[in-house]
Amino acid sequence: MPSTSKPLDIESIKTSTNCEHIHYFESLNSTNSWLLEHGQCGDICISDQQSAGRGRRGNVWVSPNGGNIYLSQCWCFDSKIKHWSLLGLVTGIAIAEALEDIGLKKHGIKWPNDIFYQQQKLGGILLETTDQSGKVIIGIGINVELSANLTKEIGQPVTSINEVLKDKFVSRESVIIALINRIEERLSQFSTLDFEQFLDSWKLWDILQDKQVSFDHQGITVVGKVIKLDEHGRLGILKNSGVLSYYSSADIKLAKGKDSK
Ligand code: BTN
């Protein structure tokens with residue numbers, strides 16, 4: 001496994017996508033931060049490593065140079081969009097589809113924004129908004145190659161594309177091309193999103209449906225079964241008390257022994 005990645009062939013990525021403005025760095029604090037400061041609509045920022053990679057819920061996204069993908073894109077939407085709260089979930093679907101395009105199977109999305117393979121995290125999404133209405137930075141971290149050290153450092157079960165695909169080597173370029181194309185396809189239709197159609201796609205990738213879960217909510221442990229998503233992208237949990245409640249954010253844990261995809 002390389003400790004330093006081969007530089008990306010950005011021209012091949014441009015040729016296979018509609019994206020002309022790719023800002024590529026050997027090292028940055030965070031590709032999201034760079035675009036928040038400098039990004040124009042449609043720009044993509046990629047870095048081989050990040051010194052201050054950010055995850056959701058204030059977490060650090062450990063981002064050494066070693067063959068992973070740290071990519072952000074600046075999207076500008078019509079500010080009258082009806083389903084803003086579904087943007088992260090739609091991005092998750094695009095990523096899951098891109099990974100299928102490059103040959104991955106049996107991966108899925110753990111609500112709201114984690115890409116999983118057999119209970120191990122493969123990637124994540126961080127959405128950040130700017131003060132310009134309609135402008136969103138979509139940050140994506142995908143593990144393509146993970147060293148044993150990094151796996152230990154992360155402190156939760158993780159895996160990578162090349163670990164899952166074993167003998168079939170996949171280049172970072174091919175993953176990035178698939179990601180950019182699927183994101184373009186899904187997000188260019190986002191303003192006219194039909195909720196029922198979205199739900200049909202979501203169900204193909206959702207690893208939590210009907211699962212018994214637990215999570216912390218405002219200092220209290222919630223335990224129950226995942227029932228459905230509502231139009232705001234909130235997760236409906238039938239609590240063991242018999243009450244159905246909806247949550248817009250949580251770090252969900254699957255109950256032990258209840259395997260998912
Ligand atoms: C998560 O699962 O917590 C979200 C992780 C998002 C990480 C990506 S890497 C590219 C972009 N730049 C960042 O600082 N974070 C996102």
Side-chain angles (χ1 to χ4, degrees), residues 5 8 10 13 19 21-39 43-75 87-96 98-99 107-117 119-130 135-146 150-151 153-161 172-173 175-176 178-180 182-183 187 205-208 215-216 233 235 248-254:
S5 53
L8 287 169
I10 295 294
I13 296 174
C19 191
H21 301 285
I22 300 180
H23 305 271
Y24 176 44
F25 299 88
E26 235 173 77
S27 182
L28 269 185
N29 54 357
S30 149
T31 53
N32 266 33
S33 302
W34 192 88
L35 281 183
L36 280 168
E37 200 173 330
H38 308 284
D43 282 3
I44 286 189
C45 178
I46 302 173
S47 185
D48 286 336
Q49 68 177 50
Q50 300 182 117
S51 56
R54 295 199 299 278
R56 287 173 49 247
R57 306 166 72 81
N59 291 326
V60 169
W61 189 257
V62 184
S63 312
N65 185 320
N68 294 322
I69 292 173
Y70 316 116
L71 176 153
S72 303
Q73 185 163 21
C74 178
W75 266 86
L87 180 59
L89 307 182
V90 171
T91 306
I93 293 172
I95 296 174
L99 297 182
H107 55 291
I109 308 170
K110 177 170 165 268
W111 180 91
N113 285 151
D114 289 341
I115 308 297
F116 260 63
Y117 177 84
Q119 312 238 24
Q120 297 163 300
K121 188 158 168 169
L122 196 56
I125 305 163
L126 176 67
L127 297 188
E128 295 185 299
T129 45
T130 65
K135 196 166 176 181
V136 182
I137 308 302
I138 298 171
I140 299 168
I142 302 281
N143 304 329
V144 182
E145 299 206 18
L146 283 178
L150 185 58
T151 306
E153 194 182 331
I154 292 172
Q156 64 165 306
V158 287
T159 190
S160 65
I161 291 177
R172 285 194 301 159
E173 284 86 348
V175 182
I176 289 171
L179 285 172
I180 293 176
R182 284 294 187 170
I183 286 170
L187 297 198
W205 298 108
D206 175 21
I207 66 170
L208 294 181
F215 56 95
D216 181 80
L235 194 64
S248 47
S249 169
D251 187 10
I252 304 276
K253 290 180 182 56
L254 275 166

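Numbering of ligands and ligand atoms starts at 1, following listing order.
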### Task
Taking the six-membered ring for Trp and the full ring for Phe, Tyr or His, determine whether the centres of Y70 and W61 are under 6.0 Å apart.
no
### Message
Among residues at least two apart in sequence or on other chains, which ones pass side chain to side chain donor-acceptor pair (under 3.5 Å) with Q73?
### Response
W75
### Query
Mind checking whether H23 and H21 have parallel, tilted or perpendicular rings, split at 30° and 60°?
parallel
### Message
Under a plain distance cut-off of 3.5 Å, with no hydrogens placed, do N65 and S5 share a side-chain donor-acceptor pair?
### Response
yes
### Query
Is Q156 atom CD crowded by more than 12 heavy atoms from other residues, nucleotides or ligands, each under 6.0 Å away?
yes
Pairwise, report which nitrogen or oxygen atoms of ligand 1 are under 3.5 angstrom from protein nitrogen or oxygen atoms, and how far apart they are.
residue	atom	partner	partner atom	Å
ligand 1	2 (O)	K121	NZ	2.7
ligand 1	3 (O)	R56	N	2.7
ligand 1	12 (N)	T31	OG1	3.1
ligand 1	12 (N)	Q50	OE1	2.9
ligand 1	14 (O)	S30	OG	2.8
ligand 1	14 (O)	R54	N	2.8
ligand 1	15 (N)	R54	O	2.7

### Summary
Heavy atoms of R54 and S33 approach each other most closely as NH1-OG, 2.6 Å
